[in-house]
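For reference, the structure is listed below as structure tokens.
For ligands, and for the atoms within them, numbers begin at 1 and follow the listed sequence.
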Amino acid sequence: MSDIAIVPAPRELTVDEGRWITADPVGEAVRDVVENLDPNEYRIDISADGARLTAGSEDALRHAETTYAQLVEAAEPAEHGKVAVPLAHVEDAPRFGWRGMMLDVARHFMPKEFVLKIIDVLALHRLNVLHFHLTDDQGWRVEIEAYPRLTEVGAWRAETMVGKMSHGQQEFEYDGTPHGGFYTKDDLREIVAYAADRGITVVPEIDLPGHMQAAITAYPELGNHPDQQLTVRPYWGISDDVLNVNDATVEFVKTVLREVLEIFPSPYIHLGGDECPSVQWAESEAAQKRQAELGLDEPGQLQGWFTAQVAEVLAEEGRRLVGWDEMVETDCPKDAVIMAWRSAQRGEVAAKAGHEVVMAPCESVYFDYYQGDPATEPLAIGGHIPLEKVYDFEVIPAALSDQEKSLIVGTQCQIWTEYMEGPEQVGYMLLPRLSAFAERAWGSPKTSYEEFLTRLRPHLTRIERIGVNYRPLD
Ligand code: ACM
């Protein structure tokens with residue numbers, strides 16, 4: 001039935017064509033959490049007896065409500081202020097447990113009110129993880145009481161490069177405008193609670209031991225050249241300035257993580273691990289001494305050691321470590337969940353090594369990539385991921401065995417904000433690609449792209465109601 005626009009589409013929807021009940025616009029349905037359904041599962045029955053929503057948990061009941069609200073939108077006005085709702089039956093459950101979106105608030109700070117709207121957008125799409133990239137070379141965004149300079153100093157950069165950064169570029173033009181901001185603990189608790197009310201877990205990321213230039217600027221003793229005063233990095237790319245591997249730095253990070261764990265009840269905590277050059281460790285006497293003591297062959301292996309040390313804090317609290325796919329090559333703990341970003345093939349490698357994997361490959365779900373012709377689109381980092389390509393994304397690499405496939409626990413799309421200054425740009429890059437992504441994350445039946453567009457067009461009105469920008473359809 002073409003006027004029923006549920007996004008993401010339920011796994012099973014049957015409509016009794018031409019038969020209707022009249023009901024109040026919303027609200028008349030019976031709602032029940034029942035034991036005979038799996039915790040993820042829900043059903044909707046709209047029959048001559050009325051509408052009934054059943055689910056295996058409160059979270060699944062929320063999904064039932066979201067789908068039901070979209071079904072009822074297909075209703076037609078009837079007499080006495082009532083509407084005619086189509087008779088329908090839905091049997092639904094998500095394909096993956098981790099259905100996420102990553103938001104980078106380090107490269108450009110995003111106001112709390114916008115983060116709350118993003119959570120509404122995730123809930124609308126029955127997604128359940130907001131991965132919050134809170135720290136990077138260009139800004140530190142989370143208040144830490146033990147180390148106030150992380151936000152007093154690390155949350156602010158003097159200026160930002162203008163235009164597109166090219167590979168190997170050393171000289172930049174700057175805008176001369178300070179940029180920054182951070183979330184207080186109260187802000188973050190509000191975000192976490194708002195998300196929890198909508199069945200969404202906020203997974204914080206403290207990216208380490210690379211991508212730490214803002215922290216090293218605030219506390220030079222964390223770096224490999226403590227006598228040098230860095231600046232919060234005003235341009236993009238990968239910084240050679242990474243944490244040193246001294247005991248005091250391990251303790252510093254553990255203290256930070258204890259405070260982070262207090263704010264975020266998430267069972268998963270992301271410790272980054274991407275793009276960590278080891279040139280400074282190779283040149284540092286202290287790092288070389290540590291490498292020799294540990295019997296490691298190469299300076300790069302210090303990353304695995306460092307991560308394992310600080311991850312002890314997570315283990316003490318019963319939290320699970322999540323890391324970008326470079327972690328697989330650094331002897332990371334075997335129970336780490338790996339987020340495959342460099343390619344889908346990296347996800348295969350991680351699954352073959354026995355890790356649970358979240359598929360986040362840049363070639364399919366990096367929404368900082370162009371979605372149209374670079375000549376007419378706003379400046380972006382590169383690449384080309386139009387809406388149709390997202391709709392065609394196959395989450396699970398075909399080359400895996402059934403046992404390895406069972407380790408693919410979910411998928412996630414990414415918004416890196418180097419080239420997105422604020423909410424308007426984020427909305428434009430995120431939507432409606434997120435709507436297509438949500439279909440793959442949920443495991444909606446694959447239809448033609450045209451059929452998807454038919455459902456997507458009315459769905460855009462729902463995004464407008466939330467008040468987030470999106471890229472109009474071509
Ligand atoms: C990444 O894009 N550096 C995870």
Side-chain angles (χ1 to χ4, degrees), residues 98 100-108 110 129-141 164-169 203-215 233 235-243 268-279 300 303-304 306-307 321-330 332 336-350 355-371 380-385 390 393 395 409-420 426 429-430 433-434 437:
W98 185 302
M101 171 203 162
M102 189 217 69
L103 181 62
D104 166 16
V105 290
R107 271 53 176 274
H108 281 103
M110 299 290 155
V129 174
L130 174 64
H131 166 179
F132 215 12
H133 184 80
L134 285 165
T135 66
D136 217 303
D137 299 314
Q138 294 82 6
W140 182 282
R141 309 284 176 225
K164 174 76 174 44
M165 184 173 176
S166 44
H167 191 68
Q169 189 177 349
V203 176
E205 178 184 357
I206 304 298
D207 199 352
L208 56 88
H211 287 283
M212 270 282 167
Q213 188 169 323
R233 190 167 158 111
Y235 56 95
W236 319 126
I238 302 173
S239 174
D240 282 342
D241 283 290
V242 304
L243 295 178
Y268 298 95
I269 304 291
H270 202 303
L271 297 187
D274 58 322
E275 300 175 325
C276 181
S278 53
V279 282
Q303 181 178 343
F306 187 90
T307 304
L321 167 66
V322 186
W324 297 111
D325 61 49
E326 287 93 331
M327 257 194 205
V328 179
E329 292 145 27
T330 65
C332 67
V337 177
I338 297 300
M339 204 165 261
W341 75 275
R342 285 178 293 176
S343 66
Q345 207 260 332
R346 298 285 180 174
E348 287 178 30
V349 171
H355 289 282
E356 289 191 344
V357 181
V358 174
M359 296 298 291
C362 61
E363 67 272 21
S364 301
V365 284
Y366 261 42
F367 293 169
D368 54 342
Y369 283 20
Y370 282 104
Q371 48 196 327
I381 201 155
H384 184 230
I385 305 183
V390 181
F393 172 44
V395 177
V409 295
T411 182
Q412 185 173 283
C413 59
Q414 277 54 238
I415 286 282
W416 296 105
T417 56
E418 285 96 329
Y419 299 97
M420 297 173 221
V426 168
M429 297 302 276
L430 180 65
R433 288 190 286 194
L434 179 105
F437 166 77

**OP:** Could you tell me the separation between the CE atom of Met102 and the CE atom of Met339, rounded to the nearest 0.5 Å?
**Re:**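 CE of Met339 is found 9.0 Å from CE of Met102.
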Original post:
Between atom CG of Leu103 and atom CE of Met110, what is the distance when rounded to the nearest 0.5 Å?
Top reply: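 Between atom CG of Leu103 and atom CE of Met110 there are 6.5 Å.
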Present, as a list of atom pairs with distances to 0.1 Å, all nitrogen or oxygen contacts under 3.5 Å between ligand 1 and the protein.
residue, atom, partner, partner atom, Å
ligand 1, 2 (O), Tyr366, OH, 2.6
ligand 1, 3 (N), Asp274, OD2, 2.7
ligand 1, 3 (N), Glu275, OE1, 3.3

**OP:** For this output row, return yes or no: ring centroids of His131 and Trp324 closer than 6.0 angstrom.
**Re:**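 Judged by ring-centre distance (under 6.0 Å), His131 and Trp324 do meet the cut-off.
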Original post:
Between Trp236 and Gln169, is any side-chain donor less than 3.5 angstrom from a side-chain acceptor?
Top reply: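 No, because no side-chain N or O of Trp236 sits under 3.5 Å from a partner of the opposite role on Gln169.
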Subject >> His270: partners by side-chain hydrogen bond (donor to acceptor under 3.5 Å, both in side chains), with sequence neighbours left out >> reply: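 Checked His270 against side-chain hydrogen bond (donor to acceptor under 3.5 Å, both in side chains); zero matches.
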**OP:** Take the angle between the ring planes of Tyr366 and Trp416 and call it parallel below 30°, perpendicular above 60°, tilted in between.
**Re:**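 Tilted, since the angle between the ring planes falls between 30° and 60°.
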